[in-house]
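For ligands, and for the atoms within them, numbers begin at 1 and follow the listed sequence.
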Amino acid sequence: MGRFDGKVVLVTGGSRNTGLAIVERFVREGAKVFMCGSTEESTANGAAALKARGVEGVVSQPCDISDMAQVTALFETIGRDAGRLDILVNNAANQGLGHGGPLEMDAARFHDVFNVNVIGGFQVTQMACNQFFMRQESRGVVVFLSSNTAMRAIRNRTAYCASKGAINSMVRSLALDLAPLGIRVNCCAPGYIYTERWDVLDPATAARRRLNCPLRKEAKGSDIASVVAFLASDDSANMTGEIVTCDAGCSCQHMPEDVDV
Ligand SMILES: NC(=O)c1ccc[n+]([C@@H]2O[C@H](COP(=O)([O-])OP(=O)(O)OC[C@H]3O[C@@H](n4cnc5c(N)ncnc54)[C@H](OP(=O)(O)O)[C@@H]3O)[C@@H](O)[C@H]2O)c1
């Protein structure tokens with residue numbers, strides 16, 4: 001018997017990397033899972049990748065979460081196919097890469113990052129609550145993905161870091177307002193996660209990154225999926241408004257060992 005037997009889950013940004021691992025975890029633990037990427041192509045690729053891993057039964061539909069019409073269409077599909085929703089995982093993110101430093105970045109790109117990471121996450125959550133959770137006796141659970149960069153900045157990622165800080169604040173605010181309604185809202189804040197973006201790193205850079213981590217390793221997608229599943233399950237039934245960091249100890253250190261002189 002699985003922890004999520006009979007549960008219906010939506011994972012945004014389930015088409016790549018960490019999202020795939022989160023989808024896989026919920027399916028393997030018994031849930032019916034819906035997932036989206038931002039485009040038809042990426043969503044189809046994600047669906048194929050899940051099949052290749054032996055993960056069956058996932059309903060995939062492209063949805064740019066910054067576009068309300070596409071969000072509405074996705075929720076119509078969930079209503080038609082499952083008739084309920086129990087768990088929402090707000091994993092989709094615009095990484096805000098390649099914007100340059102804060103003096104030269106185009107403000108329009110700042111808006112793009114916030115439209116996906118903050119406003120997109122908000123509108124998907126609002127729709128999950130109004131369309132499903134508030135109409136169900138057992139209500140529902142929301143898990144956001146933020147980042148340890150909400151607390152400790154990385155270089156030339158102003159919009160991304162700011163968006164993750166906004167997510168942490170939004171999680172606490174949503175948790176406070178939704179707690180009396182029986183809806184829990186929590187957040188996992190990862191540090192380094194192994195993704196396809198590591199594949200292009202030269203070995204010395206990958207090794208240096210690992211040296212930044214007290215545990216000497218980045219998270220696997222499955223490590224993050226474990227935290228997300230905990231926050232989505234009754235194992236965390238008395239938690240709401242929490243930001244759970246999963247970063248190999250990066251946030252507890254002042255400096256990496258090799259520069260701590
Ligand atoms: N990777 C890390 O080291 C790291 C560290 C800390 C926190 N995080 C956070 O953990 C989560 C997963 O990270 P990741 O590295 O696995 O992410 P990723 O590889 O960048 O994948 C992002 C996912 O979000 C989707 N997405 C992007 N824009 C979207 C939009 N407008 N509408 C719907 N979906 C959209 C992407 O779909 P497409 O395939 O269509 O683009 C993709 O499925 C993110 O929230 C990220 O910020 C990651």
Side-chain angles (χ1 to χ4, degrees), residues 10-25 34-50 58 60-71 73-75 88-98 109 111-124 143-154 157 159-168 170-171 187-201 206 209-210 212-213 217-225 227-228 231 243-248 250-251:
L10 169 61
V11 180
T12 66
S15 58
R16 281 195 277 132
N17 295 324
T18 315
L20 286 176
I22 295 171
V23 171
E24 178 171 5
R25 175 63 56 93
F34 292 77
M35 74 85 167
C36 69
S38 66
T39 66
E40 277 202 24
E41 190 186 0
S42 68
T43 306
N45 288 342
L50 288 164
V58 176
S60 56
Q61 178 168 321
C63 173
D64 177 345
I65 60 162
S66 66
D67 179 336
M68 204 54 198
Q70 293 186 41
V71 173
L74 177 60
F75 275 78
L88 166 64
V89 182
N90 284 308
N91 168 74
N94 179 327
Q95 297 284 343
L97 288 165
R109 302 190 75 182
H111 281 284
D112 289 344
V113 172
F114 264 66
N115 280 342
V116 175
N117 299 2
V118 184
I119 296 163
F122 173 75
Q123 62 194 15
V124 174
V143 182
F144 277 83
L145 274 288
S146 75
S147 167
N148 65 356
T149 64
M151 300 301 292
R152 288 162 188 269
I154 47 176
R157 299 280 291 281
Y160 179 78
C161 294
S163 76
K164 294 300 184 175
I167 288 174
N168 284 3
M170 183 163 67
V171 164
C187 181
C188 172
Y192 291 117
I193 310 170
Y194 188 89
T195 67
E196 68 211 1
R197 292 186 291 279
W198 282 61
D199 294 340
V200 297
L201 297 179
R209 276 195 183 181
R210 290 183 177 115
N212 287 345
C213 307
K217 57 185 176 186
E218 72 281 19
K220 300 188 291 295
S222 59
D223 294 319
I224 304 305
V227 177
V228 169
L231 293 173
I243 316 296
V244 179
T245 303
C246 179
D247 70 351
C250 285
S251 295

Contact check, side chains of C161 and I154, non-hydrogen atoms, under 4.5 Å: yes
Contact atoms of ligand 1, heavy-atom distance to T18 under 4.0 Å: 12 (C), 13 (O), 14 (P), 16 (O)
Side chain T43, main chain G37, donor-acceptor under 3.5 Å: yes
Test item, R197 contacting ligand 1 (heavy atom, 4.0 angstrom): yes
N117/I167 under side-chain contact (heavy atoms from CB on, under 4.5 Å): CA gap, chis, key distance, verdict: CA-CA 8 Å; N117 299 2; I167 288 174; 4.3 Å; yes
Atom indices of ligand 1, in the order listed, that fall short of 4.0 Å to a heavy atom of G191: 2 (C), 3 (O), 4 (C), 5 (C), 6 (C)
Atom 20 (O) of ligand 1 - nearest protein heavy atom and its distance: Q95 NE2, 3.0 Å
Top protein contact for atom 30 (C) of ligand 1, by heavy-atom distance: S38 CB, 3.6 Å
Nearest-contact summary for atom 3 (O) of ligand 1 - protein heavy atom, Å: I193 N, 2.9 Å
Any side-chain heavy-atom pair of N212 and Y192 under 4.5 Å: yes
Working for side-chain contact (heavy atoms from CB on, under 4.5 Å), residues V143 and L88: CA-CA 6 Å; V143 182; L88 166 64; over 6 Å; no
Side chain N91, main chain G13, donor-acceptor under 3.5 Å: yes
T12 near ligand 1 by a heavy-atom separation under 4.0 Å: no
V244 side chain near C187 side chain, heavy-atom distance below 4.5 Å: no
Nearest-neighbour protein heavy atom for atom 45 (O) of ligand 1, which is reported as residue plus atom name and distance: N91 O, 2.8 Å
Atom pair CG/CG of L74 and D67 - distance to nearest 0.5 Å: 11.5 Å
Atom indices of ligand 1, in the order listed, that fall short of 4.0 Å to a heavy atom of R16: 18 (P), 19 (O), 20 (O), 21 (O), 36 (C), 38 (P), 39 (O), 41 (O), 42 (C), 43 (O)
Atoms in ligand 1 with a heavy atom of T195 nearer than 4.0 Å: 1 (N), 15 (O)
Sub-3.5 Å N/O-N/O distance, C36 and ligand 1: no
Protein contact to atom 43 (O) of ligand 1 [nearest heavy atom, distance to 0.1 Å]: S15 OG, 2.7 Å
E218/R209 ion pair, N-O < 4.0 Å: no
4.0 Å heavy-atom contact, K164 with ligand 1: yes
Enumerated ligand 1 atoms positioned under 4.0 Å from heavy atoms of S42: 38 (P), 39 (O), 40 (O)
Distance from atom 7 (C) of ligand 1 to nearest protein heavy atom, with residue and atom: S146 O, 3.2 Å
Polar contact flag for A92 and ligand 1 (N/O pairs, less than 3.5 Å): no
Heavy-atom nearest neighbour in the protein, as seen from atom 22 (C) of ligand 1, with distance rounded to 0.1 Å: A93 O, 3.8 Å
Interfacing atoms of ligand 1 (cut-off 4.0 Å, heavy-atom, Y192): 3 (O)
Interatomic spacing from CG in N94 to OH in Y160 - rounded to 0.5 Å: 9.5 Å
N or O contact, N17 vs ligand 1, cut-off under 3.5 Å: yes
Per-atom contacts of ligand 1 with P190, taking only distances under 4.0 Å to non-hydrogen atoms: 6 (C), 7 (C)
Numbered atoms and elements of ligand 1 in range of C63, under 4.0 angstrom, heavy atoms: 32 (N), 33 (C)
Worked verdict on D247 versus C213 for side-chain contact (heavy atoms from CB on, under 4.5 Å): CA-CA 8 Å; D247 70 351; C213 307; over 6 Å; no
V89 side chain reached by L10 side chain, heavy atoms, under 4.5 Å: no
Stepwise side-chain contact (heavy atoms from CB on, under 4.5 Å) test for V113 and V118: CA-CA 8 Å; V113 172; V118 184; over 6 Å; no
Protein contact to atom 47 (O) of ligand 1 [nearest heavy atom, distance to 0.1 Å]: Y160 OH, 2.6 Å
